[in-house]
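Structure first, then comments.
Just follow the structure's listing: the first ligand is 1, and inside any ligand the first atom is 1. Atoms considered below: every heavy atom in the structure, side chains included; atoms not considered: hydrogens, waters and symmetry mates.
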Amino acid sequence: LPTKNLLAAEPAPLDVTWANTALVIIDMQRDFLEPGGFGETLGNDVSQLTRAVRPCGDVLKAFRAAGLLVIHTREGHLPDLSDAPPAKIERGAPSLRIGDPGPMGRILIRGEAGHDIVEALYPANGEIVIDKPGKGAFYATELGDVLKQRGIETLLVCGVTTEVCVHTTVREANDRGYRCVVLADCCASYFPEFHEMGLCMIKAQGGIFGWVSSSSEVLAALN
Ligand code: TIU
């Protein structure tokens, strides 16, 4: 593995030093990607997210093969809901609320089947899993400390959904000084137009929040 590579991205290519780069896979959980989970209870077509799984898996495999840092996140709450603000639980008119029993266990609750990461992207032994109560991966989690301890400066970001948890996390990371590269085909939204515009928002204005690249560009740079 070369020490560093020029990664093709928009609005401009960037130098990536692999030793200080982490792959961050946001919330690829059954609750968002499979029928019967949180995403579907909100009225969404969960099949919209499936397309991100394979490219995300390709980058995950390449990161594992190169021995690089992989971080998975999961959105969810404690069984007693003490970390779930009422404003979040009460929001909207879902068919099942956070904490209600569903076909994959209690909706968006840690330890339930629906809260777990999809089989194809399941964390390997030793990979970091960040449990988060919010949409952003920094709020009320150890992620900032984990990245600091390891000297990470650049994040390659994958996951769901583009405009919700990916965007919130990228915005939080950008303000903390991380270079964020969102991998377009490794992210997805229930709303394809939000996905497209969400990516535009990252890279507009000279890269106001970061960069947009793709799985194939990362694989090309790593190989
Ligand atoms: N609803 C929606 O689009 N997303 C979330 O609630 N969480 C994440 O994006 N992970």
Side-chain angles (χ1 to χ4, degrees), residues 23-53 55-56 60 71-78 81 83-100 102 104-110 112-118 120-123 128-141 143 155-174 180 182-202 209-210 212:
L23 176 66
V24 180
I25 304 178
I26 306 286
D27 301 1
M28 292 297 265
Q29 295 162 259
R30 300 181 66 195
D31 255 325
F32 296 107
L33 288 126
E34 294 183 13
F38 181 60
E40 194 176 73
T41 70
L42 298 174
N44 296 306
D45 170 11
V46 296
S47 72
Q48 286 290 342
L49 305 189
T50 308
R51 65 176 72 111
V53 173
C56 195
L60 176 59
I71 297 173
H72 306 261
T73 75
R74 299 185 296 202
E75 180 180 352
H77 297 283
L78 299 169
L81 298 177
D83 60 352
K88 181 179 184 182
I89 299 173
E90 294 161 7
R91 195 87 44 87
S95 58
L96 292 172
R97 293 200 179 271
I98 295 168
D100 285 350
M104 295 190 287
R106 294 177 67 201
I107 298 293
L108 219 60
I109 298 296
R110 292 183 194 171
E112 302 287 343
H115 176 264
D116 217 342
I117 291 171
V118 296
L121 302 172
Y122 208 78
I128 295 164
V129 180
I130 302 284
D131 280 313
K132 61 191 187 63
K135 302 306 183 194
F138 287 85
Y139 169 69
T141 74
L143 180 59
L155 309 179
L156 302 191
V157 186
C158 301
V160 296
T161 59
T162 312
E163 82 282 13
V164 181
C165 291
V166 171
H167 240 266
T168 307
T169 298
V170 166
R171 289 171 187 230
E172 288 181 325
N174 180 57
C180 295
V182 177
L183 305 184
D185 57 332
C186 302
C187 299
S189 168
Y190 300 118
F191 308 90
E193 66 276 27
F194 289 180
H195 171 77
E196 288 306 321
M197 290 312 293
L199 297 174
C200 288
M201 288 180 203
I202 301 284
F209 295 124
V212 176

Working for side chain to side chain donor-acceptor pair (under 3.5 Å), residues His195 and Ser189: CA-CA 5 Å; His195 171 77; Ser189 168; over 6 Å; no
N/O separation below 3.5 Å, Glu163 to ligand 1: no
Contact (N/O only, under 3.5 Å) between Tyr190 and ligand 1: no
Suppose we measure from [atom] to each protein heavy atom; which comes out shortest, and what is that distance?
atom	value
atom 5 (C) of ligand 1	Phe32 CE2, 3.4 Å
atom 8 (C) of ligand 1	Cys165 SG, 2.7 Å
atom 7 (N) of ligand 1	Glu75 OE1, 2.9 Å

With a cut-off of 4.0 Å, which atoms of ligand 1 are near a heavy atom of [X]?
X	result
Asp27	8 (C), 10 (N)
Phe38	6 (O)
Val160	8 (C), 9 (O), 10 (N)
Lys135	5 (C), 6 (O), 7 (N)

Verdict with supporting geometry, Arg30 and Glu112, salt bridge (Lys or Arg N to Asp or Glu O under 4.0 Å): CA-CA 10 Å; Arg30 300 181 66 195; Glu112 302 287 343; over 6 Å; no
Nearest atoms (heavy-atom pairs only) where Arg97 meets Gly92: NH2-O, 3.1 Å
Heavy-atom closest pair, residues Ile117 and Tyr122: O-CD1, 3.3 Å
Side-chain ion pair, Arg51 and Asp185, N-O less than 4.0 Å: no
Glu163 bridged to Lys135 by N-O distance under 4.0 Å: no
Value rounded to 0.5 Å, distance of CD1 in Ile202 from CE in Met197: 12.0 Å
Sequence-distant partners of Arg110, side chain to side chain contact (heavy atoms under 4.5 Å, CB included), two or more places apart: Leu78, Asp83, His115, Asp131, Pro133
Ligand 1 versus Leu42: contacting region, heavy-atom distance under 4.0 Å: side chain
Per atom 3 (O) of ligand 1, closest listed option by heavy atom (Thr41, Asn44, Thr161): Thr161
